[in-house]
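Structure, as structure tokens:
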Amino acid sequence: MSKIEQAFADAKDRYAAIGVDVDRAIERVKNIAISMHCWQGDDVTGFEETQGGDAGILATGSYIGKATNSAELRSDIEKAYSLIPGKHKLNLHAIYAETGGEKVERNQVSAKHFEGWVDWAKGMGIGLDYNPTYFAHPMASTNMTLADPSQEIRDYWIEHGIKSREVTAYFGDTLGVTSVMNTWIADGFKDVPVDRMEPRRRLKDSLDKIFAKDLSGSNMRDAVECKLFGIGTESYVVGSHEFYMGYAQEKKKLLCLDAGHFHPTESIDDKISATLLYLDEILLHVSRAVRWDSDHIIKLNDDLKSIAYEVIAGNLENRVYIGLDFFDASVNRVAAWVIGTRNMIKALLMAALMPIEQMKRVELEVNFTERLMLQEEMKSMPFSAIWDMYCSMNNVPVGMDWFGEVKAYEESVLSKRG
């Protein structure tokens, strides 16, 4: 018996003593697919020939090896997946369309521009998610798109949204894995607006037109993402939490909760159960805010563990789609994916190893002393032994061994990109 196997057997006994079935916990987490975001690999640049304006998107740093085309990006993603346990998904933005060098306006991007991604996903055995790209474009230069006062600008972005739904349905139906299309716009004002209502009326009307076609028979879902503030929209965001909560409830859409899109003192963990009382499903964008919505690589901190716990403790994994959303150009981009995604899976496995039913029982008995004891003692249980075995079972490096592979990849591949 190897050291990993021995440590696992001992840890398994420890968990069994408090009523936790480790095998069941592992199987449960194994079936949760994390949607890893492609834009960490190229600093949210995409493959378009021309862009204009950042509209609240900013990746800082100049680490070597940024992907500059789809072949490089897919190679980097494959390397990351090879170091992450489990089978997951990939989340794409519209700006990653493959147009063969032709300049294609975003309101004309269609399924044919993603055939290469679909063929690749088939070979990888994974699903794809999708995001229309309402930023970094001359038609978004005023921080307004679907809520812009100009009908011409709104129509352009409405067409983009309609085309994006068709792409998403193509992903889901072709790959046989539910594809989620998430709508996020940066629309808002840097300073206090005179009129808060009319931009929201325009946004609602635009969304109604985008979602007019019934695609319920396809293997896709529509999500709408709220935000408190952003770069250039510090005083007012049209698509606020309250706006999208009402819209999602009325129109039967998924609400996307981004961990960085609320006040710094708020965590989305408490919002999961609250929103799912009124919505069938939700989407999470798991990120890490540092002082503001800065999309840092997620760490295995209390916020992340609490988000995972809410999903597991509520038996909500079939109603919650988990996506990641961070970008950091100051570190090895492949390592960023690996660290963040492994942390998300670690948090879910930690939650699945909690004696949840016992904790619920003592809470119902108003035994808050035992509840606190259990919550605290679980922090020192031998989780690492379970995690090491989980990685070994999935044929990915155990512990820090994955980092050597990333460094070798940097030396042989990333460093040669200039």
Side-chain angles (χ1 to χ4, degrees), residues 35-55 57 59 65-81 89-141 145 153 155-177 179-184 210 213 215 218-220 327 329 333-334 337 413-414 416-418:
S35 189
M36 196 177 82
H37 54 309
C38 75
W39 50 93
Q40 164 59 43
D42 77 327
D43 309 338
V44 209
T45 303
F47 306 143
E48 289 180 335
E49 291 184 7
T50 59
Q51 294 184 331
D54 56 51
I57 302 297
K66 170 184 171 179
T68 59
N69 55 56
S70 56
E72 290 178 350
L73 187 57
R74 286 197 276 261
S75 173
D76 295 350
I77 292 166
E78 289 175 17
K79 172 51 68 173
Y81 279 148
K89 300 172 73 179
L90 183 70
N91 199 2
L92 287 167
H93 249 284
I95 53 175
Y96 295 89
E98 296 179 288
T99 64
E102 179 186 359
K103 189 180 187 310
V104 178
E105 280 295 330
R106 288 191 197 168
N107 64 344
Q108 296 302 315
V109 170
S110 65
K112 69 179 181 180
H113 300 119
F114 289 90
E115 290 175 352
W117 283 106
V118 167
D119 289 343
W120 173 80
K122 284 180 181 177
M124 295 288 291
I126 65 171
L128 297 173
D129 291 325
Y130 192 74
N131 306 261
T133 308
Y134 292 100
F135 55 83
H137 192 277
M139 294 284 271
S141 60
T145 57
I153 291 177
D155 286 345
Y156 178 91
W157 291 114
I158 288 167
E159 290 171 1
H160 177 56
I162 291 170
K163 291 284 189 181
S164 294
R165 294 187 77 218
E166 294 171 356
V167 172
T168 311
Y170 163 65
F171 286 171
D173 292 343
T174 305
L175 296 171
V177 179
S179 182
V180 180
M181 187 190 92
N182 182 52
T183 295
W184 173 77
I210 290 171
K213 185 177 180 180
L215 293 176
S218 63
N219 202 7
M220 66 90 71
F327 34 92
R333 296 170 183 81
V334 176
W337 271 321
V413 179
L414 302 181
K416 293 178 171 52
R417 290 180 184 169

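- Taking the six-membered ring where tryptophan is involved, the planes of Y156 and H137 are tilted, since the angle between them lies from 30° to 60°.
- A donor-acceptor contact shorter than 3.5 Å links the side chain of S179 to the backbone of L128.
- Taking CE of M181 as the reference point, atom CE of M220 lies at 5.5 Å (rounded to 0.5 Å).
- With a 4.5 Å cut-off on side-chain heavy atoms, R165 and I210 count as touching.
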What verdict does the side-chain contact (heavy atoms from CB on, under 4.5 Å) test give for D76 and R333, after you've listed the backbone C-alpha separation in whole Å, the side-chain angles of each residue and the deciding distance to 0.1 Å? CA-CA 8 Å; D76 295 350; R333 296 170 183 81; over 6 Å; no
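- Nearest heavy-atom pair across A94 and Y130 is CB-OH, 3.1 Å.
- Here the CH2-SG distance, from W337 to C38, works out to 7.5 Å after rounding to the nearest 0.5 Å.
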Could you go step by step and tell me if I95 and E48 meet the side-chain contact (heavy atoms from CB on, under 4.5 Å) rule? CA-CA 6 Å; I95 53 175; E48 289 180 335; 3.8 Å; yes
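- Considering only residues two or more places apart in sequence or on other chains, Y96 meets the side chain to side chain donor-acceptor pair (under 3.5 Å) condition with D42.
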Residues N131, N91; criterion side-chain hydrogen bond (donor to acceptor under 3.5 Å, both in side chains); working and verdict: CA-CA 8 Å; N131 306 261; N91 199 2; 2.7 Å; yes
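- Checked against side chain to side chain donor-acceptor pair (under 3.5 Å), D155 has the following partners two or more places apart in sequence or in another chain: Q151.
- For the pair M36 and I77, the minimum side-chain heavy-atom distance is below 4.5 Å.
- Note that the CD atom of E102 and the NE2 atom of H113 stand 6.0 Å from one another [nearest 0.5 Å].
- Inter-residue side-chain proximity for Y134 and R106 is flagged as unmet; no heavy-atom pair is nearer than 4.5 Å.
- Distance CG/L90 to CE/M124: 9.0 Å, rounded to 0.5 Å.
- Contact record, K89 with Y81: O-OH, 2.6 Å, taken as the closest heavy-atom pair.
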Under the criterion side-chain contact (heavy atoms from CB on, under 4.5 Å), I'd like the reasoning laid out for L175 against V118: C-alpha separation, chi angles, the key distance, then a yes or no. CA-CA 7 Å; L175 296 171; V118 167; 4.0 Å; yes
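- None of F171, W120, Y170 except one satisfies the ring-ring contact (aromatic ring centres under 6.0 Å, His included) rule with F114; the exception is F171.
- Taking OG from S164 and CG from L92, the interatomic distance works out to 11.5 Å, rounded to the nearest 0.5 Å.
- In this structure, the separation between CD1 on I153 and CD1 on I158 is 12.0 Å, given to the nearest 0.5 Å.
- Aromatic rings of F135 and H93 (six-membered ring for Trp) have centroids within the 6.0 Å cut-off, being under it.
- Remark: R74 is positioned above the aromatic ring of W117, its terminal NZ or CZ atom under 6.0 angstrom from the ring centre and at most 45 degrees off the axis.
- Of the possible donor and acceptor atoms, none in the side chain of D43 sits under 3.5 Å from a partner among the backbone N and O of T45.
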Carefully, step by step, assess H160 and T145 under the rule side-chain contact (heavy atoms from CB on, under 4.5 Å). CA-CA 11 Å; H160 177 56; T145 57; over 6 Å; no
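- Pairing each heavy atom of A97 with each of F47, the nearest pair is O-CD1, 3.9 Å.
- Here the shortest heavy-atom pairing between P132 and T183 reads CG-OG1, 4.1 Å.
- Contact between S70 and E98 at its shortest, heavy atoms only, is OG-OE2, 2.5 Å.
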